Amino acid sequence: MLTKLSGGMVYDPMHGVNGKRRDIYIRDGRIVRKPSANTNIDKIIDVNNKIVMAGAIDIHTHIGGGNINIARMLVPEDHRADPVKRTKNTRAGSGYVAPSTFTTGYRYAEMGYTSCFEPAMLASNARQTHLEMADIPIVDTGAYVLLGNDDFFLRLLSKGADQQLINDYVAWTMHVTQAIAVKVVNPGGINAFKFNQRKLDLDDSNKYYDITPRKILKTLTRALHDLGVPHPLHVHGCNLGVPGNMQTTLDTMQAVEGLPMHMTHIQFHSYGTEGDRKFSSGAAAIAEVFNKNKNLSIDVGQIMFGQTITASGDNMMQYKAHVHAHPNKWVSMDIECDAGCGIVPFRYRDKNFVNALQWCIGLETFLLADDPWRIFLTTDHPNGGPFTSYPHLIRLLMDKSFRHDMLLSLNRHAQKVTNLASIDREYTLYEIATMTRAAPAKSLGLSGYGHLGIGANADITIYTDLKNKEKMFERPEYVFKSGQLIVRKGKIQQTTSGITHTVKPEFDRGIERHLKKYFDRYLTVSLGNFKISDDELRSYGKKTIKIHACQ
Amino acid sequence: MSPLILTLKKRLVTRVDLSSLTPDRLNGLNVNAIKALKLDYSGKQIAITELFDVTGDDTDSIHFRRSSRAFTKIGYAMTKGSIEVRGHAGDYLGQKMSGGRINARGEAGNWLANKMSGGRIDISGNVADFAGAALPDETQGMSDGIVTIRGNAGDRIGDRMRRGLIIVLGNAGDFTGSRMIAGTIIILGKSGHQTGYGMKRGTIILGKKPQKLLATFNSCGKLKMEFLRVFYKQIANIGRRFAHFKDFSPEVHRYAGDSSAGGKGEILIMLHAT
């Protein structure tokens, strides 16, 4: 079947198309060339003067796996307060800050998102993560496996193992957990927490293994570079949320010595200690270094005011944050000596100095970073706020006067210390399309996604151009997933199943000899059961596994 | 004015949420307006008259006749008036209630008086588990008011209870007053295992000596607590069924605990008990 989307204003940054009137033809789930004049077009959809973009990609959102599942359990009131009824096309669900799997998929699709990536899959939780992601309808999914705090890796490192052996271990882990990238959370810090260390700076040593976070970062970035994994090491750095952590962040940026690195939710890592309250914005300094170092990419982790829940593998920092828990309940736990899990419900208040300044710091970062190809739009769902607040965030970026009005309603002391009011930049639709479509696809190496070129997967979102960008991005006119019409006027028309994105770097299978011994001696599952095969992954529900190329 | 009487005329296959039928929510509506209301039932909205015969006009006094265990949330968040239920009163009876009175002439289900903060509930039959308890996410259960149960009660009575009074004339299940923060629970019949598990403060008065108390409760000896004489006298005044409280002796064996949670709570075992 051949479908024509006629007369839309196309924004396709991958091909430099900035608001040009173009027709788009879809056949068998892909975008195709304009057919010859005598070809019969089955369906013509008139999208005259509407904004046409590729389906959006969320590079960092906690949507499946141990963390978010424990978060769901911790806040049943969130689910009781937000029941979602079954409709003809969708299943029932619940939850606002940590929604159930089906609801997650519907809400993403209704906003025009077609791919979402879970950034914190513990290797030992991989099966749970993939099972949950298989439940999430419509959107494509993928996951980043956590390394850097697991016992086996730290043993290798402390024994001074060869980089080749570590590369094999990293690649093996990505294979058996079906991951698309590797993330490190508080490098070495989660492990150090278990040896009663409550702080681990970039050059502090883990008491037991005598390894510094710097060493871990260097080793892992090198490994991913050697293996040719498209997405660089996804780094959740040291000292999250600590005033004065901007220096650590600046040092971390230099620590990898020019190798590519992605620094995630950087807003939480950009705090200074100036001013009467010993809390200030480090966004300007960070943005300056970021702009100069082309090897870096970042996502922001913007906070949004209101109730949310913070879910992180970083139990060292979550343990510190538990005193702020609202409502007062929290979880901090170890998982299989692999990493940790810390869940703290939190309410960001606009009249609170620290929260208001966090909000400003996030926006400053967005507005001062000059390359939308290296900065991605996230709220670190649900840590900064639920993903449903993205349209609001886009309006903040695109509408200067709206942003200034919001700023004036915040805590007055925060208004005085931020330079947000003096920044006039407004994001353009082209830049938004870059940071939510083209750039994430490029960074993750998703060939055929995030753009509207010939042969691309027909994930297309079509908006009505409204002055109020929040309204515009909240409710797309049409959303196509692999060529099928999923959403019309913000309502789900049909549900489909997305695919799983992975990469499979080459490695020496001999690594399993070392691992077998380790598994038999220390772990609760055997090596054979630890692995998730392609067949098993398909049996969960998402039938297609797309293996992207390593360079 | 005659009481508003709702008589069930159908066998229910799924639960039906009756939180909209309270004196507060129906205030000012006439019979025709009430008959026009809709209820969520079996996945769709249906007219109230499909389930109930509706007669009477006094919305301050609502009677449910031929009640069913598929009912939920009778008296939800009510602040005034009275509700009488004949038959099984269902789950969540009196949830978030802050005033008024519920009289259930029959049994009641789980989560009786959840988050109740005032008013009074009398049950003449047995109740299931979690009477006056907190839902899984809640840090506090019942926070004021009086609940009386003439029959037996299930497990976890007053779990995380914060204030108020629960009286059970029959027997109680396990974990009575678990994680209790404050308030008073009286069980005249037998009580199950783990009474007072994790209680911080508050008082549990037992009419019969339990088979076993937790090791984290320490005996403070046999005492004559004059306060109890005053307290029992007050209880004797709340209704005919409680008149015998005035004859109770104030002598009790006091146990302090749960020492694993601060140990400021107490279990008082009446001495005339065996």
Side-chain angles (χ1 to χ4, degrees), chain A residues 66-100 102-103 106 306-311 318 321-333 341-347 382 386 491-492 495, chain B residues 13-20 38-46 72-77 90-97 109-117 129-130 132-143 156 159-163 178-182 198 200-201 261-262:
Chain A
N67 260 353
I68 199 65
N69 217 23
I70 292 166
R72 286 181 188 123
M73 285 197 280
L74 190 64
V75 287
E77 72 269 29
D78 174 53
H79 290 251
R80 270 204 301 277
D82 191 10
V84 181
K85 275 195 180 168
R86 176 173 69 96
T87 70
K88 202 165 96 246
N89 299 319
T90 61
R91 296 174 66 156
S94 60
Y96 176 66
V97 299
S100 56
F102 296 111
T103 307
Y106 303 141
Q307 177 68 45
T308 192
I309 187 163
T310 63
Q318 291 290 70
H322 84 259
V323 292
H324 304 295
H326 176 94
N328 186 11
K329 46 187 176 181
W330 54 283
V331 174
S332 180
M333 61 197 278
C341 167
I343 316 286
V344 182
F346 196 81
R347 179 190 266 167
K491 287 268 175 299
I492 304 274
T495 47
Chain B
V13 287
T14 67
R15 288 178 166 215
V16 55
D17 180 347
L18 298 177
S19 58
S20 55
K38 304 226 163 195
L39 293 172
D40 279 331
Y41 175 67
S42 189
K44 47 185 183 285
Q45 290 226 312
I46 62 162
T72 62
K73 301 197 178 185
I74 293 180
Y76 179 83
D91 292 342
Y92 300 100
L93 179 66
Q95 189 181 33
K96 296 198 178 172
M97 167 176 182
N110 291 318
W111 304 110
L112 167 72
N114 169 248
K115 276 283 176 192
M116 174 176 179
S117 61
D129 300 335
F130 304 109
L135 283 172
D137 67 293
E138 289 165 353
T139 49
Q140 294 184 1
M142 174 175 171
S143 64
R156 299 259 177 199
D159 176 55
R160 296 200 180 204
M161 175 175 177
R162 177 66 183 78
R163 202 183 291 118
S178 57
R179 307 185 292 173
M180 188 170 173
I181 301 161
K200 281 185 174 167
R201 299 193 303 280

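Just so we're on the same page: letters track the sequence lines, and every chain starts at 1. All figures in this text were calculated on a predicted structure; none of them were measured in a lab. As a basis for the values below, the full set of heavy atoms in this structure was taken, side chains included, without hydrogen atoms, waters or symmetry mates.
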N-O pairing of B/Asp159 and B/Arg179 below 4.0 Å: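 B/Arg179 and B/Asp159: salt-bridged.
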Residues that A/His79 engages under ring pair (Phe, Tyr, Trp, His ring centres under 6.0 Å), provided they are two or more places apart: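 By the ring pair (Phe, Tyr, Trp, His ring centres under 6.0 Å) rule, A/His79 matches no residue at all.
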Partner set under ring pair (Phe, Tyr, Trp, His ring centres under 6.0 Å) for A/Tyr106, not counting sequence neighbours: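 Counting only residues at least two positions away or on another chain, A/Tyr106 forms no ring pair (Phe, Tyr, Trp, His ring centres under 6.0 Å).
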Salt bridge (charged side-chain N to carboxylate O under 4.0 Å, His left out): pairs with one or both residues in residues 84-96 of chain A, sequence neighbours excluded: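 Qualifying pairs, neighbours excluded: none.
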Heavy-atom check, side chain of A/Gln318 versus side chain of A/Trp330, under 4.5 Å: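 No. Closest side-chain heavy atoms not under 4.5 Å.
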Rounded distance (nearest 0.5 Å) linking atom NZ of A/Lys329 with atom CD1 of A/Ile309: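 The NZ atom of A/Lys329 sits 8.0 Å away from the CD1 atom of A/Ile309.
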Contacts with chain B made by residues 68-75 of chain A (heavy-atom distance under 4.5 Å), listed by residue number: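 From residues 68-75 of chain A, none sit under 4.5 Å of chain B.
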